There are 2 protein chains.
Amino acid sequence: MGYSIGQAAKKMGLTTHTLRYYDKEGLLPFVKKSGSGLRVFSDEDMEWLVVIECLKGTGMSLKNIKQYIDWCLEGDATIDKRLEMFKRQKNKLEEQMAELQKYLEKINYKIAYYTEASKSGSVDAVKRNAYLAAEKKRIFDINNAA
Amino acid sequence: MGYSIGQAAKKMGLTTHTLRYYDKEGLLPFVKKSGSGLRVFSDEDMEWLVVIECLKGTGMSLKNIKQYIDWCLEGDATIDKRLEMFKRQKNKLEEQMAELQKYLEKINYKIAYYTEASKSGSVDAVKRNAYLAAEKKRIFDINNAA
DNA sequence: ATTAAATTTAGAGTTAACTCTAAATATATA
DNA sequence: TATATATTTAGAGTTAACTCTAAATTTAAT
């Protein structure tokens with residue numbers, strides 16, 4: 001009915017070192033210890049880890065994640081702060097996704113460029129390809145609108 | 001017809017310190033110096049910076065970015081290596097985008113959860129909301145299929 | 001009951017990517 | 001031409017997030 005730190009780490013794709021580090025940093029105040037002092041992760045604890053992973057994966061620092069967890073411990077008085085935090089994180093995430101979309105366009109250009117270069121065995125010919133030159137200007141020119 | 005390091009930094013949203021650091025790490029072998037030793041960034045150099053930013057923004061280490069730049073300096077013999085590198089980076093990027101999409105679902109759940117909690121002034125009532133409980137199980141349960 | 005594997009702690013060490021400093025030189029502004 | 005601002009270098013310092021170690025204790029496997 002509970003997971004050892006090793007089992008929890010495996011489920012989350014983390015190391016036990018990392019989980020103990022998170023605990024030391026105050027990110028896992030909800031994880032209980034057994035009579036002999038071993039950490040026992042419940043299913044609910046695993047859900048906390050999923051939230052931590054989500055915030056970390058969207059670029060939040062461990063310090064700010066701890067802030068959120070502290071607000072949770074404080075109770076209902078912090079509900080609006082937590083709501084605002086997730087709204088801000090959603091905005092940040094949507095900006096990240098838009099940024100990645102632009103990176104994808106650049107990488108697709110490079111793949112097209114090097115695919116042509118590979119065919120002809122040289123980049124010189126590709127530099128005279130009008131379509132790729134126009135795409136390059138559109139996608140990479142720093143003086144275009146951001 | 002060329003940018004100073006300060007102008008280049010401003011255009012890229014970086015600091016001059018960072019550009020000099022990149023240069024020291026071998027990422028900017030193409031940037032020329034003026035007669036008196038000042039770096040002069042051409043438009044083409046700015047395009048290199050855009051590529052570096054793209055690779056960095058999609059999670060490539062500066063060390064691996066340098067590897068790519070070294071291949072470019074080596075010439076046509078490395079075209080296929082460069083093509084494969086961008087294909088790998090595209091795969092990585094698509095995985096990242098899928099991951100962010102999943103994070104967005106989690107954050108949207110949290111916003112729905114705390115919006116309800118904010119209305120009632122307490123999280124307790126929300127925990128009895130059947131729809132949110134089902135969504136929580138679907139979105140956060142570690143034992144569901146990844 | 002042995003043995004092997006996992007866990008505990010405190011604390012030291014590592015890594016990547018900056019970030020800053022100081023003193024000298026160069027460039028732009030009034 | 002003064003003065004202010006920008007740039008140069010080498011090298012030191014910082015930060016976040018791990019990552020590892022060692023010695024003791026606990027748990028699981030035979």
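In the text below, chain A, chain B and the rest are named by the order of the sequence lines, each starting its count at 1. These numbers come from a predicted model, not from an experiment.
No side-chain donor-acceptor contact under 3.5 Å links B:Gln89 to the backbone of A:Ile107. A donor-acceptor pair under 3.5 Å links the side-chain atoms of B:Thr15 to the main chain of B:Thr18, judged by distance alone.
Judged as a salt bridge (charged side-chain N to carboxylate O under 4.0 Å, His left out), the pairs with a partner in residues 2-23 of chain B (not counting sequence neighbours) are, in order, B:Asp23-B:Arg39. For the salt bridge (charged side-chain N to carboxylate O under 4.0 Å, His left out) condition, the pairs that include at least one residue of residues 47-67 of chain B, sequence neighbours left out, are A:Lys136-B:Glu47, B:Lys66-B:Asp70. Residue pairs satisfying the ring-ring contact (aromatic ring centres under 6.0 Å, His included) criterion with at least one member in residues 20-45 of chain A, sequence neighbours excluded, are listed as follows: A:Phe30-A:Trp48.
Between A:Leu83 and B:Ser118, the closest heavy-atom pair is CD2-CB, 4.3 Å. Shown here for A:Leu28 and A:Leu19, the closest heavy-atom pair between the two residues is CD1-O, 3.4 Å.
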When you compare the protein's N or O atoms with those of nucleotides 24-28 of chain C, which come within less than 3.5 Å of each other, and at what distance?
{"residue": "C:dA26", "atom": "O3'", "partner": "B:Ser36", "partner atom": "OG", "Å": "3.1"}
{"residue": "C:dT27", "atom": "OP1", "partner": "B:Ser36", "partner atom": "OG", "Å": "2.6"}

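For the pair A:Arg20 CZ and C:dG11 P, the computed distance is 16 Å after rounding to whole Å. One interatomic measurement links the two molecules: CD1 of A:Ile5 to C1' of D:dT27, which rounds to 15 Å at whole-angstrom precision. Computed from coordinates, the A:Lys33 NZ to D:dT27 P distance equals 13 Å when rounded to whole Å. Between the P atom of C:dA5 and the CD atom of A:Gln7 lies a distance of 17 Å, rounded to the nearest Å. For A:Phe41 and C:dT7, the CZ to C1' distance is 11 Å, given to the nearest whole Å.
Contact of the A:Lys119 side chain with the A:Thr115 side chain is registered, since non-hydrogen atoms from C-beta on lie closer than 4.5 Å. Side-chain contact between A:Phe86 and A:Tyr68 is present, with heavy atoms from C-beta onward closer than 4.5 Å. Counting heavy atoms from C-beta on, the side chains of A:Ile69 and A:Pro29 come closer than 4.5 Å.
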Q: Assign a letter to each nucleotide of nucleotides 16-21 of chain D from its 5' end: B, base within under 4.0 Å of a protein heavy atom; S, sugar-phosphate only; -, no contact.
A: -BBBBB
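Counting non-hydrogen atoms under 4.0 angstrom, B:Arg39 reaches the backbone sugars and phosphates but no base.
Within the helix from C:dA1-D:dT30 to C:dA30-D:dT1, the inter-axis angle between the opening and closing five-pair segments is 30°, rounded to 10°.
At a threshold of 4.0 Å, the pair A:Arg138-A:Glu135 counts as salt-bridged, since one of the basic side-chain nitrogens sits closer than that to a carboxylate oxygen.
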